[in-house]
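Quick note on labels: first sequence line is chain A, next is B, and so on, each numbered from 1. All values below were derived from every heavy atom in this structure, side-chain atoms included, with hydrogens, water molecules and symmetry-related copies excluded.
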Amino acid sequence: MDAARTARDLDAWFAANARDLPWRRDHDPYHVLLAEFILQQTRMETGVRYFHELLRRFPTLRDLAGANERDVLAAWSGLGYYRRARNLHATARRIVRELGGRIPSDVDALEELPGIGPYTAGAIASIAFDRPATSLDGNQIRVLSRVLGLGRPSNKQGGRQVRAFAERLVATASPRRVNQALMDLGSTICLPDRPRCRACPLAASCRSAGRAWPPRRKEGPAPGERWTAELWARGGRVWLTPPRGKGLLGDLWLPPMRPARASDPSDGIRHVFSHKRWHVATLRRHGTPTGKGRWVSMEALRGLPHSALTRRLMAWALGGAPAGHAVWVTPRRATVRRAGTGTATGSRSARSKTRLR
DNA sequence: TAGGCGTGGGG
DNA sequence: TCCCCAAGCCT
């Protein structure tokens, strides 16, 4: 495959089709770093909203480093994968304390920082500093695997070939433009299931042009768990308990939760994570709650680290189900699939992860 | 290395 | 409704 030609085609396409994204206007290293943390496993539309909000609250790297972790988590609330927020904060502190406040332009130095892996290091080095580093995310891996005619990127041979070709590309043309062009191409043209090959600038040389990959093997649903949320509401406020410190949503404020008992009500909400699904029965409580906690209004919630689940449960407690979210109602004796049962046909990790090695 | 770790949108 | 995600990282 001709890397020079591919890079040239990508460059020309990008010049006319690049998406207008905030951190692309100045390539400020802090803006790029912030965006890359946010965009790990996150949709662009959602990411852009949080990018503006986090930048508003923490205008500079030093502001972020000087903030309380709790305030960073509060600003991150609703975005998910909350460890990213702690890693972002820890990385900002390390850069300010140990590196004089200067974000490294070197991939190896970047990868030393918490929350920065091979992809993010390469993305920062190339986009912020135009250094010749690869940034192989799911999009790039898919695009290059197709260009090279390798099929679904699962085998090690394909991984090495993709990496080698990506390295030739960033050595040939502006790494900043090549990497972002590949990302944009992957998210707008070279789509996972229905590639729009007629609109693709690489179609003439692509070894998979016009051909779709075989359908993915399906998997069963994520294992379900039943929980019960105990909801005290008083004067527009709901009783929340502080972060437990570990496990799923462990960094966040939630209403008191416990494993469901058979006698609990069957109405509630369904909250789906990437690896499990919770059925949360909503139990309205009266009287005075015991244990650690606070009465929190929707307004005050913004200052506390919390999950989308917290918002949904509070909305339920304060006035019924929020619009747009289905309330599930099951028969008294309904059963929920437990982990390890059901119709799973493959490993969960094999479904959506495209990794190289 | 496989599994843990969120969320809201789209087919 | 249900399934699939979407610019990964860490252990």
Original post:
Please give, in whole Å, the distance from B/dG6 C1' to A/I269 CD1?
Top reply: 14 Å

Original post:
Do A/R237 and A/V296 come close enough that some side-chain heavy atom pair is under 4.5 Å?
Top reply: no

**OP:** Identify which nucleotide among C/dG8, B/dC5, C/dC3 has an atom closest to any side-chain atom of A/Y119, counting heavy atoms from C-beta outward.
**Re:** C/dG8

Subject >> Whole angstrom value for the distance that separates C1' of C/dC10 from CZ of A/R84 >> reply: 14 Å

Original post:
Should A/R270 be listed as having a side-chain N or O under 4.0 Å from OP1 or OP2 of C/dC2?
Top reply: yes

Subject >> Between C1' of C/dC5 and CZ of A/R142, the distance in whole Å >> reply: 11 Å

Subject >> Interatomic distance at P, B/dG8 relative to C/dC9, whole Å >> reply: 23 Å

**OP:** Would you kindly compare A/R194 and A/R83 by the position of their nearest DNA chain B nucleotide and give the one closer to the 5′ end?
**Re:** A/R83

Original post:
If we ignore angles and hydrogens, is there a donor and acceptor under 3.5 Å between the side chains of A/R84 and A/T42?
Top reply: yes

Original post:
So is A/R86 actually on top of A/W76's ring, under 6.0 Å and inside 45° of the axis?
Top reply: no

**OP:** Mind checking A/G78 for me? I need base, sugar-phosphate or nothing, with any heavy atom below 4.0 Å counting as a touch.
**Re:** sugar-phosphate

Original post:
Under 4.0 Å: is that the gap between some side-chain N or O of A/T120 and OP1 or OP2 of C/dC9?
Top reply: yes

**OP:** Output yes when a side-chain donor or acceptor of A/D2 lies under 3.5 Å from a complementary backbone atom of A/R5, and no otherwise.
**Re:** yes

**OP:** Please report, rounded to the nearest Å, how far the C1' atom of C/dC9 is from the CZ atom of A/R86.
**Re:** 13 Å

**OP:** Look at A/H275 and B/dC5 and indicate whether a side-chain polar atom (N or O) is within less than 4.0 Å of OP1 or OP2.
**Re:** yes

Original post:
Base, sugar-phosphate alone, or nothing: which one does A/G247 contact when heavy atoms must sit under 4.0 Å apart?
Top reply: sugar-phosphate

**OP:** Test A/R302 against A/S77 for side-chain hydrogen bond (donor to acceptor under 3.5 Å, both in side chains), laying out the working first.
**Re:** CA-CA 8 Å; A/R302 294 195 303 193; A/S77 292; over 6 Å; no

Subject >> Sugar-phosphate only, base, or nothing, as touched by A/A123 at under 4.0 Å among non-hydrogen atoms >> reply: nothing

Original post:
Does A/Q41 have a side-chain nitrogen or oxygen under 4.0 Å from the phosphate oxygens OP1 or OP2 of C/dA6?
Top reply: no

Original post:
Reckon A/I38 touches a base, only the sugar-phosphate, or nothing at all at heavy-atom distances under 4.0 Å?
Top reply: nothing

Subject >> Side-chain donor-acceptor pair present, A/D63, A/T60, cut-off under 3.5 Å >> reply: yes

**OP:** Look at all strands and tell whether A/T42 reaches a base, only sugar-phosphate, or nothing, counting heavy atoms closer than 4.0 Å.
**Re:** base

**OP:** Could you tell me whether the phosphate oxygens of B/dT7, OP1 or OP2, come under 4.0 Å of any side-chain nitrogen or oxygen in A/S307?
**Re:** yes

**OP:** Name the nucleic acid region contacted by A/R19, choosing base, sugar-phosphate or nothing; use a 4.0 angstrom heavy-atom cut-off, strictly under.
**Re:** base

Original post:
Hey, do the aromatic rings of A/Y50 and A/H52 have their centres closer than 6.0 Å?
Top reply: no

**OP:** Under 4.0 Å between any heavy atoms, over every strand shown, what does A/L252 touch: base, sugar-phosphate, or nothing? Just pick one.
**Re:** nothing

Original post:
For the pair made of CD1 in A/I141 and C1' in C/dA6, what is the distance, rounded to whole Å?
Top reply: 13 Å

Original post:
Quick one: on DNA chain C, does A/M44 or A/G115 contact a more 5' nucleotide (nearest heavy atom)?
Top reply: A/M44

Original post:
Below 3.5 Å, does any donor atom in the side chain of A/S274 face an acceptor in the base of B/dG6, or the other way round?
Top reply: yes

**OP:** Go through B/dT7, B/dC5, C/dA6 for me and flag the one nearest to the A/R43 side chain.
**Re:** C/dA6

Original post:
Rounded to the nearest Å, what distance is computed from the CG atom of residue A/L79 to the P atom of nucleotide B/dT7?
Top reply: 9 Å

Original post:
Can you tell me how far C1' of B/dG4 sits from CG of A/L249, to the nearest Å?
Top reply: 12 Å

Subject >> Any A/Y81 side-chain N or O less than 4.0 Å from OP1/OP2 of C/dC10 >> reply: no

Original post:
What's the CZ-P distance between A/R244 and B/dC5, to the nearest Å?
Top reply: 10 Å

Original post:
Rounding to the closest angstrom, what is the interatomic distance between B/dC5 and C/dA6 at atom P?
Top reply: 22 Å

Original post:
When we call it a touch if two heavy atoms are under 4.0 Å apart, what does A/W76 touch: a base, just sugar-phosphate, or nothing?
Top reply: nothing

